[in-house]
A.B. asks: 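Handing you a structure now.
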Amino acid sequence: MLDSENDLKTSENRFSIQEIGASGLGMVAITNISAGDIIAREKPVLVIPAEVKDAQYSWQEKVEYLENSVAQLSKDEKDEYFKLHDCKCLPGSKKSAEGIFRTNNFALGPLTPLTAHGIFLKTSRLNHSCHPNCEVIWKADSGCQKVIAIRDIEDGEEMTICYLNMENRMKTARERKKILKQYGFFCSCKFCTGEEDVEEIRRFQEISRMLGGQKGAEEMVRLCLERENILELVGAKLSWRIHNLEMAAGAGAGEERMENGENICDKMGGKLKYLVSILYGESMK
């Protein structure tokens, strides 16, 4: 794993940026990578503070702020910025600083009204998959974004992340296709090109609605565990699975045993610790 906090570090040069057919440029593994490995750390080349999103500023003022920020980049940084994809660019038009930012920005932490957004010149090359093999984590203490392998990646395999939030990812392949079309691309993962996982997706949606109501501790734990099984089945982001299991753990606190005699902590504790160790490189305290 990586220890340096330089702008971008890779362990043993684990990836290269290559042409990926219709997807344009992408990040490809040039060695076998294990789940939990830190593939890269990168500092944002540009950050837009949360205050700029405030309603007191007009859209034009926000765009001008962004354009001024881009203008202050070095020549090399500016050149790389304008090489990034702009999904807002109409045929025959030139890329814009605004369109590139809207296409490539990452939230610097959990998405709230107080969250800043940044552009990363290298990790912006991570293409989308509804079955990703990587996930990104913002580390505020070091001002870096980490790229983590969330499952084993083979030499020559493209490295991908999921652009969708959980609500949109946990829709059917047909519904996801309509959403992704707005951004000018389609997903070619096995869950989007193979047989639709309609039954699992509909059950997940039903469980999520049920969890929105009042539930007893045992019922909430049971539903969260069923939802975890579906999230695992469809190759969902580990951060979603961790949050879901933490909900189950919180509901089960103080409940020593389920009706069938299984210990609640044993049921989910081991899996939660494993997922946390993969994504964050540490055990639950």
Side-chain angles (χ1 to χ4, degrees), residues 1-2 11 14 29 32-41 106-111 123 126 128-142 144-154 157 159-170 189-191 197 200-201 203-205 207-208 210-211 215 217-255 258 262-285:
M1 289 193 177
L2 300 172
S11 178
R14 295 187 164 193
N32 293 332
I33 299 171
S34 300
D37 283 357
I38 302 175
I39 298 169
R41 285 188 177 97
F106 287 86
L108 306 184
L111 189 57
T123 52
L126 286 162
H128 166 82
S129 174
C130 291
H131 184 215
N133 53 25
C134 294
E135 202 161 330
V136 295
I137 300 173
W138 172 249
K139 302 293 289 184
D141 55 349
S142 60
C144 286
Q145 181 165 266
K146 290 182 179 181
V147 180
I148 311 290
I150 61 173
R151 54 185 172 87
D152 293 345
I153 303 172
E154 295 183 356
E157 184 179 351
M159 298 187 296
T160 57
I161 58 175
C162 182
Y163 293 179
L164 301 176
N165 59 26
M166 188 169 71
E167 179 183 358
N168 286 332
R169 168 58 187 90
M170 299 308 291
C189 80
K190 67 179 184 180
F191 294 108
D197 46 357
E200 291 82 5
I201 292 297
R203 177 56 182 163
F204 180 91
Q205 294 170 346
I207 292 171
S208 297
M210 293 170 68
L211 286 171
K215 291 286 178 292
E218 184 174 320
E219 176 69 0
M220 188 167 183
V221 169
R222 186 187 66 78
L223 290 171
C224 284
L225 291 178
E226 186 179 353
R227 191 161 69 162
E228 156 60 15
N229 290 337
I230 298 173
L231 288 170
E232 182 177 20
L233 179 68
V234 302
K237 291 172 64 171
L238 298 196
S239 54
W240 300 342
R241 295 173 60 191
I242 289 169
H243 177 70
N244 178 63
L245 287 172
E246 286 176 340
M247 281 180 58
E255 297 288 327
M258 296 173 70
E262 292 182 276
N263 187 288
I264 291 177
C265 292
D266 290 344
K267 184 78 176 178
M268 57 193 158
K271 179 173 280 190
L272 180 55
K273 288 180 181 179
Y274 171 74
L275 296 178
V276 169
S277 71
I278 292 295
L279 191 58
Y280 301 111
E282 59 187 26
S283 298
M284 295 289 289
K285 304 299 183 184

A.B. asks: Compare every heavy atom of Leu279 with every heavy atom of Ile137, then report the nearest pair and how far apart it is.
C.D. replies: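 Result for this residue pair: CD1-O, 3.0 Å.
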
A.B. asks: Considering residues, nucleotides and ligands other than Tyr163, do more than 12 of their heavy atoms fall under 6.0 Å from its OH?
C.D. replies: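 Enclosed.
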
A.B. asks: Kindly compute the distance separating CZ (Phe204) from CE (Met170), expressed to the nearest 0.5 Å.
C.D. replies: 4.5 Å

A.B. asks: Is a donor on one side and an acceptor on the other found under 3.5 Å between the side chain of Glu157 and the backbone of Ala29?
C.D. replies: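 Answer holds: no.
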
A.B. asks: Keeping the roles fixed (side chain from Glu226, backbone from Ile207), state whether a donor-acceptor pair exists under 3.5 Å.
C.D. replies: no

A.B. asks: Any ion pair linking Arg203 and Glu200 (charged N to carboxylate O, less than 4.0 Å)?
C.D. replies: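 Not counted as a salt bridge, because no side-chain N and carboxylate O are separated by less than 4.0 Å.
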
A.B. asks: Please round to the nearest 0.5 Å and tell me the distance separating atom CZ of Arg227 and atom CE of Met247.
C.D. replies: 5.0 Å

A.B. asks: At their closest point, which heavy atom of Phe106 faces which heavy atom of Ile161, and how far apart are they?
C.D. replies: CE2-CD1, 3.8 Å

A.B. asks: Is the closest basic N to carboxylate O distance between Arg222 and Glu218 below 4.0 Å?
C.D. replies: no

A.B. asks: What is the distance from atom CG of Asn244 to atom CD of Glu232, rounded to the nearest 0.5 Å?
C.D. replies: 11.5 Å

A.B. asks: Do Lys237 and Arg169 have side chains that approach each other closer than 4.5 Å (heavy atoms only, starting at C-beta)?
C.D. replies: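 Side-chain contact under 4.5 Å: no.
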
A.B. asks: Could you pull out the closest heavy-atom pair between Thr160 and Asn133, with the gap in Å?
C.D. replies: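 The pair with the smallest heavy-atom distance is N-OD1, 2.9 Å.
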
A.B. asks: Which heavy atom of Leu233 sits nearest to which heavy atom of Phe191, and what is that distance?
C.D. replies: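 Looks like O-CZ, 3.3 Å.
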
A.B. asks: Can you measure from CG (Leu272) to CZ (Arg241) and round to the nearest 0.5 angstrom?
C.D. replies: 10.5 Å

A.B. asks: Of the non-hydrogen atoms in Cys134 and Met159, which two are nearest, and what is the gap between them?
C.D. replies: SG-CB, 3.8 Å

A.B. asks: Please confirm whether the backbone N or O of Gly235 pairs with a side-chain atom of His131, one donor and one acceptor, at under 3.5 Å?
C.D. replies: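 Checking the backbone N and O of Gly235 against the side chain of His131, no donor-acceptor pair under 3.5 Å is found.
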
A.B. asks: Is a side-chain N or O of Arg151 found less than 3.5 angstrom from the main chain of Pro132, in a donor-acceptor match?
C.D. replies: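 Judged by distance alone, yes, a pair lies under 3.5 Å.
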
A.B. asks: Give me the one residue out of Ile39, Asp37, Asn32 that meets side-chain contact (heavy atoms from CB on, under 4.5 Å) with Ile153.
C.D. replies: Ile39

A.B. asks: Please round to the nearest 0.5 Å and tell me the distance separating atom CD1 of Ile148 and atom OG of Ser239.
C.D. replies: 11.5 Å

A.B. asks: Which pair of non-hydrogen atoms, one from Ala149 and one from Ser34, has the smallest distance, and what is that distance?
C.D. replies: CB-O, 3.5 Å

A.B. asks: Calculate, to the nearest 0.5 Å, the distance between atoms CE and CG belonging to Met210 and Leu223 respectively.
C.D. replies: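 It comes to 4.5 Å.
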
